[in-house]
Structure formats: C-alpha cells, structure tokens
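The structure under discussion appears below in the form of structure tokens.
The sequence lines fix the lettering, A, B, ..., with proteins before strands; numbering per chain opens at 1.
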Protein chains: 2
Amino acid sequence: MAQQERSTRTRRKIVEAGGAVFAQRGFEGAVISDVYAKVGVTRGAFYYHFSSKEDLAEAVLETQRGGEQYPLIPREIKLQEFVDAGMVFTVRLRKDRLLQGSVRLAVEKASHSLDRSKAFEAWVTHNMRGLTEARERGELHPHVQLDDVAVMIAGAYTGIQLMSEVMDDRRDVERRVSVFLQHVMPTIALPGILARLDMAADRGERVMAELEELGELGEQGANGTSLAP
Amino acid sequence: MAQQERSTRTRRKIVEAGGAVFAQRGFEGAVISDVYAKVGVTRGAFYYHFSSKEDLAEAVLETQRGGEQYPLIPREIKLQEFVDAGMVFTVRLRKDRLLQGSVRLAVEKASHSLDRSKAFEAWVTHNMRGLTEARERGELHPHVQLDDVAVMIAGAYTGIQLMSEVMDDRRDVERRVSVFLQHVMPTIALPGILARLDMAADRGERVMAELEELGELGEQGANGTSLAP
C-alpha cells in the first residue's frame, strides 16, 4: 500500500472513530485521546490529520452530505428514488455510529464554532434535487412549492429520527419515517404515482439487499458503515 | 405577600432564569451561580429550592407539559383547537427563553440522568387528546391511526423548530410549522373540515391577540412568558 493510500485510510478511520465518540459523548464530552486510542494510532498521527477536536468534528459533520454519497438504483418513478434515498439513509443511520455522531453534531449546539446549518442545507439541496426531478417527470401536484417542501421534509425528518433515538434508541426509526412519508406524500405526489409508491418501513432494507446483490455497497457492505470507498 | 406565596414566586423566577441559561448554554455549559445571580437571590436561597443543576433542569424540562398549561379558545371544529394549540405554542417558543431552554434540554443528550422521553410523551399525550376529540366529532378520515399520527407530529414538530433555530434563530418558525400542517392535514382531516381549517403562519399571533382581549394571558401577557400564574 502506497504512503498516500495509507494516509487516506488512517484519516478515514479517525473520522469513523470520531463519529462514534461524538455519537456517544457529544462534542463537549468527546476526548481526543479516546479517538486515537480507538483507531490504534499515536497522538502524533492524529494531529498530522486534524488540528483540533473542532477540526475533527467538522470532518464528521461533513460526512452526512445530504446522503448524496450513497449509491442508489434508478427507478421508473423519480419519487421512488427519493423515497429510497431517505429509507436507505435511515437504515444506515440506525446502524452507523459515524452517521449518528454526525447527526448529533448537527442537532446539538455546543461550544464549537462550526456552522451546523451546512448539514441542514445539504439535506435541503438533496431534497430539492429529488423533488425537481420528480416534477420534471410530471409526478407532483402542480401547486407543490418545492422549496417549502424540501425544507419541511429536512426538518421533520431530523425530529422524527431524534425522537426515535430518545424513545427507543432508533429501533423503530424506519417505521416512524414510513408513517411520515405516508402522511405527506398524498399532498405531494399525483394519485397515479402515489398508488405505485413503496413507502413501507422495510423499504430501506430491501433496497440495501438489492444494492448488495449488485455489489454496490462498497467494502463494508450491508452492515451499515460507512464512508463510500 | 405571605411567606408561602413569596417562596413560590422565587421558585418560579429561578426556573425561568434556569430556562434562559439552559437555552443559551445547554446543560453542560450552564453554571448555577449565573442562574441565581440573574434572579438576584443568594446561593442559599437557590439551594433551598433546588438540590442541584440536574434538579433545576428537571423542573425546566417539566414546564413544557405538552403545551397543556396554556389557555385556549373553544372552536366549533376540534381540529382547529388542535392547530391553535400548536400555533400558539410556536409563538411562545419563539419568544420565551424558558420554553427554549426546556426544548433544548429535551433535544440534547447530556451528562444528566433526566428522562428526556417524558417531554416527548407529554406531547404525544397532548396530540392524542386533540386528535381523539376530532375523531369523536367525525372530523377525521376513518383510516387515520391516531397513535401513529400523534407520534409523527411530535417528532416532526421537534425537528422543524430545531432546524428553524439553527437556520434563522426561529424567526420563521411559524411559517415552517404552517407549511408542515398544510402538508399533513389533508391526509388527516375530511375535506369539509380541511376547507375551513385556518393553518396560516400568523394563526398563532391572531389567537394570542384574541386571548389577550379575553384577558386570558395571565400576568405577563402576550410578550410570551411564561408559566401560567
């Protein structure tokens, strides 16, 4: 393995360990030495990659990227792709400590000076892209204000997964997201589209299985982690 | 003023100051001496009422009570009362530091051992009550699963106000909540009810003005604070 490749790999491992530590302790509670001990690298190796806890938090926060880094399977109905992206992200969020840490950093105010709004903006951009494609295919009610809906879905999703974490450690997060989609999609999608839209709670797991069969899940596969290779 | 009354008043002031400090600094960052300095009482007076920061946080968290403590105006349509409760709470949340602190304690994990799920459960109970009344009046689609919807609305609302706080310090939180209601109510309310439902962004302010005219806002009135007298 070349020097460069090894360095990239170490950096990725530090980000993953950082995500897990932030997920568990939040920004204030996280201790850098726990992170590099977890990865099995020295303090020096850590500071070669990151200048501070804040710097690491920024890298963890950025991994969300509105879920755009994950592979998806093209569907005839664009709105199904949008639903699939959300449901697959939800499965990943339930399993992946790095994503959990990233979401916690976005949700909690802390003493860092990171711009948490960037994480939300990435989700709004993701939602706008999906909804715009659906509109171009004629799948949406003509009165739907895409920007309002994109923001509303990002906010509502944030709270639904948060409440699921508080109530049952995200065990039923997919069901909760499914209930939400089933209650907003009728005001967004045309009836003919709605009738064919799969928003079931197990949709995410089924799409993950499809992706795995296609060999698209990358090195860590369906166990849910983490950064695309 | 009798001793008992004075004591109750002091306690209430400490809770309000505590809410403001938790809103600004979160649980970890909050310092007890800031709280009692804000109220203008001694350390001794503080510890007469609360045994610890955690004890104070519990009192602040409890003030949410699913918004049930606020007066409301009866309406012909029960679902309008439910919408009004949500919109009035949203106006209060934008203005009231105590509520903001309470919501922050519910949203953020911290080193305390408080049960944050109680705050969410109070909202689910509130939502269930409103939706059950609406169902009894025949205002809802027969297929609506009240418990699913009650949980979904609590979660979605949490995230929508949180995202509004991150993006613009809750300046447009009422508009965001209005967009959400306009996108879920069509799947919940029958068309004849929906056509008469007022879910506009300024609904909360208008109901507050009505309440003020009726003299129902308590000692601190429409400025938004705080505990019912």
Side-chain angles (χ1 to χ4, degrees), chain A residues 22-29 100 103-104 106-111 115-121 123-124 141 143-145 147-169 172-173 175-188 194, chain B residues 22-29 100 103-104 106-111 115-121 123-124 141 143-145 147-169 172-173 175-188 194:
Chain A
F22 287 129
Q24 200 183 353
R25 309 221 175 273
F27 182 82
E28 313 299 349
Q100 290 165 15
V103 167
R104 185 168 177 185
V107 162
E108 296 191 0
K109 260 187 203 169
S111 59
D115 183 2
R116 296 186 297 148
S117 67
K118 274 199 232 161
F120 288 95
E121 275 159 13
W123 282 107
V124 173
H141 287 296
H143 66 271
V144 174
Q145 291 284 338
D147 47 356
D148 276 353
V149 171
V151 168
M152 184 270 285
I153 290 178
Y157 183 92
T158 301
I160 286 163
Q161 66 77 28
L162 172 71
M163 183 170 168
S164 170
E165 193 206 356
V166 173
M167 305 307 275
D168 58 19
D169 204 20
D172 68 350
V173 64
R175 206 183 95 74
R176 288 165 186 255
V177 171
S178 166
V179 167
F180 169 68
L181 290 173
Q182 286 170 13
H183 284 85
V184 294
M185 279 303 167
T187 56
I188 296 168
L194 194 64
Chain B
F22 287 129
Q24 200 183 353
R25 309 220 174 273
F27 182 81
E28 313 299 348
Q100 290 166 13
V103 166
R104 183 166 178 186
V107 161
E108 296 192 359
K109 260 189 203 167
S111 59
D115 183 2
R116 296 185 297 149
S117 66
K118 275 199 232 162
F120 289 95
E121 275 159 14
W123 283 107
V124 173
H141 287 296
H143 66 267
V144 174
Q145 291 284 338
D147 48 355
D148 276 353
V149 171
V151 168
M152 184 270 284
I153 290 178
Y157 182 93
T158 302
I160 285 164
Q161 66 76 30
L162 171 71
M163 184 171 166
S164 170
E165 193 206 357
V166 173
M167 304 306 276
D168 57 20
D169 204 20
D172 68 349
V173 64
R175 206 184 96 75
R176 287 164 185 255
V177 171
S178 167
V179 167
F180 169 68
L181 290 173
Q182 287 171 11
H183 284 85
V184 294
M185 280 302 169
T187 56
I188 297 170
L194 194 63

Under a 4.5 Å cutoff for heavy-atom pairs, which residue among Ile188(A), Val177(A), Leu162(A) has the most contacts with chain B?
Leu162(A)
Measure distances from Glu108(B) to the heavy atoms of chain A and classify the residue's part below 4.5 Å as side chain, backbone, both or neither.
both
Results of side chain to side chain contact (heavy atoms under 4.5 Å, CB included) for Gln145(A) - residues two or more places apart only:
Asp147(A), Asp148(A)
Where does Ile160(A) contact chain B at under 4.5 Å (heavy atoms): side chain, backbone, both or neither?
both
In terms of heavy-atom pairs under 4.5 Å with chain A, which of Val179(B), Val166(B), Asp115(B) leads?
Val166(B)
Any non-hydrogen side-chain atom of Val124(A) less than 4.5 Å from a side-chain atom of Met167(B)?
no
So for Ala119(B), is it side chain, backbone, both, or neither that comes closer than 4.5 Å to the heavy atoms of chain A?
neither
Going by atom type alone, with no hydrogens or angles, which donor-acceptor pairs under 3.5 Å involve a side-chain atom of residues 150-159 of chain B and a protein atom two or more places apart or on another chain?
| from | atom 1 | to | atom 2 | distance (Å) |
| --- | --- | --- | --- | --- |
| Tyr157(B) | OH | Thr90(B) | OG1 | 2.7 |
| Thr158(B) | OG1 | Ala154(B) | O | 2.7 |

Is Gln161(B) in contact with chain A via its backbone, its side chain, both, or neither, using a 4.5 Å heavy-atom distance?
neither
Working to the nearest 0.5 angstrom, can you tell me the gap between Met163(A) CE and Glu121(B) CD?
8.0 Å
Top contributor to chain B interface from Lys109(A), Arg116(A), Glu28(A), Arg176(A) [non-hydrogen pairs under 4.5 Å]:
Lys109(A)
Answer with side chain, backbone, both or neither: which region of Arg25(A) has an atom nearer than 4.5 Å to a non-hydrogen atom of chain B?
neither
Pick one of side chain, backbone, both or neither for Arg175(B), based on which atoms fall under 4.5 Å of a heavy atom in chain A.
side chain
